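The structure displayed is predicted, hence computed values, not measured ones.
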Amino acid sequence: MNCEQVARDELVEKYLNGQLEPAVEHDFQVHILECRECVALLETYEDIRDDLAPQAAAIEQKSEKPFWSLGGLVVPRRTAALAGLACLVVVVVAVGVRTGWIPGRGEHGTDLSKGGTEQPTSGGLAAAFPEIAALPSSEQPEVWKAINSRNISYPSDLVELRGKQATLLGESPEGASFRVLEPVGEVVIDQRPLLRWQPLAGAVRYSLAIFDANANPVQTSSPLHLTQWKPPHPLQCGQVYQWQVTAEMSDGKRVIAPSFPSPKAKFRVIDQAKADELEQFRQAHPESHLVLGILYSEAGLLKDGQRELGDIPANSRDFALAQQLLRSIRESR
């Protein structure tokens, strides 16, 4: 399916009216996952239709005659009024969006001409996410921005946590190697996070060390035969840590991960106040997976954000948006 077919077959109008065959409806939903223009058209059409609905009701209530006569055809006044408004919607949307008279629209129909950060105070968008009003006023704009732009604003320190691949001069070192998996370059909410790494063929045991921001060791493991470990003691909230795994091979050699030129494996434990705020919102709105996914991700809790967004079912109104946010998170990791 392409944009030309969407316009030619009037699929937006038929989709909103529930008139599409299941196979066509599926193809349309797949198409709008990738096409910002068609999503914008869909949302704009829906907004204008909702705005004009009260006018249709007013026409019906004020009409004194139950019928209009159109030549030899007698048409119920309500039918004529709604038909006229429907035509007006089609014309306004088709002309307005294409010419730029109607501003571009983001997910759920918010105007993106100013960056998509404005906070609706009424109407469909505010009604769709009433739980956002429960957030501190300082955090609401970023949530609205994520909903409209379909992108997450991450904490500035994630760039430092992720580091950069160093440039290796000369030949690459030979021999066995493996990678650490998580947490790397993100924030964790658990003060005893689960640390995971790849298995290394030929390794007989592993040992792990966690260091503070000054490279001082704070916790070390005993010899391990699994490829995961939880520190026995809680780490401090708000602090940055780095960790390293040493694999001991059967011939006595040691292989360290991560090792140069890979960046160091760093993570930050979330601030306690922020953790409490997120937990309070989660308890009050446990089914608000979209907003929770945005909040977790914007706090740097990428794994938790992915989990919440992934819990949104395919038949949900928020599914398409959640899938695009998930892609943006995966790409950032």
Side-chain angles (χ1 to χ4, degrees), residues 152 154-271 275 296-297 299-307 310 326-333:
I152 302 293
Y154 303 105
S156 58
D157 67 342
L158 283 195
V159 175
E160 180 182 349
L161 291 177
R162 291 169 181 173
K164 293 182 179 181
Q165 184 83 6
T167 300
L168 184 64
L169 301 178
E171 298 181 358
S172 301
E174 298 181 356
S177 64
F178 67 110
R179 293 191 306 114
V180 294
L181 298 178
E182 61 176 355
V184 177
E186 59 187 314
V187 180
V188 299
I189 200 167
D190 190 348
Q191 291 181 261
R192 296 179 56 227
L194 180 66
L195 293 87
R196 299 175 51 247
W197 58 94
Q198 289 180 327
L200 177 61
V204 294
R205 65 182 64 87
Y206 304 93
S207 60
L208 187 146
I210 300 177
F211 306 86
D212 64 18
N214 296 317
N216 298 313
V218 294
Q219 294 193 52
T220 57
S221 74
S222 56
L224 304 168
H225 297 282
L226 300 176
T227 55
Q228 61 183 35
W229 179 71
K230 284 179 73 79
H233 308 294
L235 301 172
Q236 294 185 19
C237 290
Q239 298 300 307
V240 174
Y241 296 92
Q242 66 182 65
W243 58 289
Q244 192 176 68
V245 181
T246 300
E248 184 177 337
M249 310 301 288
S250 57
D251 60 3
K253 293 182 178 179
R254 297 175 182 271
V255 180
I256 297 175
S259 58
F260 188 84
S262 298
K264 297 177 180 179
K266 293 183 178 181
F267 64 89
R268 174 168 60 84
V269 182
I270 196 170
D271 297 337
Y296 283 134
S297 301
L301 300 165
L302 305 184
K303 183 178 179 180
D304 300 272
Q306 286 182 291
R307 184 191 66 247
L326 277 170
R327 281 198 294 271
S328 71
I329 295 174
R330 294 188 191 106
E331 291 170 359
S332 73
R333 301 187 75 179

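A heavy-atom distance below 4.5 Å is found between the side chains of L195 and P183. For the pair L200/T227, no side-chain contact is recorded, criterion being any heavy-atom separation below 4.5 Å from C-beta on. When side chains are defined from C-beta on, L161 does not count as touching E186, because their heavy atoms never get closer than 4.5 Å. Here the side chains of Q244 and K264 are not in contact, with every heavy-atom distance at 4.5 Å or above. In this structure, Y296 and I152 have side chains that are not in contact, with every pair of non-hydrogen atoms separated by 4.5 Å or more. Here the side chains of S221 and S207 are in contact, with some heavy-atom distance below 4.5 Å. Looking at P193 and P231, their side chains come closer than 4.5 Å, going by heavy atoms from C-beta outward.
A distance of 12.5 Å separates CG of L235 from CH2 of W243, quoted to the nearest 0.5 Å.
In terms of heavy-atom proximity, A265 sits nearest to P258 at N-CG, 3.7 Å. What you find for P155 and S297 is that their closest heavy atoms are CD-O, 4.2 Å. Across all non-hydrogen atoms, the minimal contact from L226 to Y206 is O-CD1, 3.6 Å. Summarising the geometry of G300 relative to L158, their closest heavy-atom pair is CA-CD1, 4.3 Å, with the distance given to 0.1 Å.
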Check residues 247-257 and write down every donor-acceptor pair under 3.5 Å in which the side-chain atom is one partner and the other belongs to a residue at least two apart or another chain.
unit_1 : atom_1 : unit_2 : atom_2 : d
E248   : OE1    : R205   : NH1    : 3.3
E248   : OE2    : R205   : NH1    : 3.0
D251   : OD1    : K253   : N      : 3.0

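Under the ring-ring contact (aromatic ring centres under 6.0 Å, His included) criterion, no residue pair touches residues 211-234, with sequence neighbours excluded. For residues 189-203, the set of pairs meeting the side chain to side chain donor-acceptor pair (under 3.5 Å) definition, not counting sequence neighbours, comprises E182-R196, D190-K230.
Under the side chain to side chain contact (heavy atoms under 4.5 Å, CB included) criterion, S177 pairs with no residue, sequence neighbours left out. In this view, A299 and I270, K274, L278, L301 satisfy the side chain to side chain contact (heavy atoms under 4.5 Å, CB included) rule, not counting sequence neighbours. Annotation: side chain to side chain donor-acceptor pair (under 3.5 Å) contacts of D271 (sequence neighbours excluded): none.
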Yes or no on side-chain contact (heavy atoms from CB on, under 4.5 Å) for Y154 and I329, after CA distance, side-chain angles and deciding distance? CA-CA 10 Å; Y154 303 105; I329 295 174; 3.5 Å; yes
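Judged purely by atom type and a 3.5 angstrom limit, D212 uses its side chain to pair as donor or acceptor with the backbone of N214.
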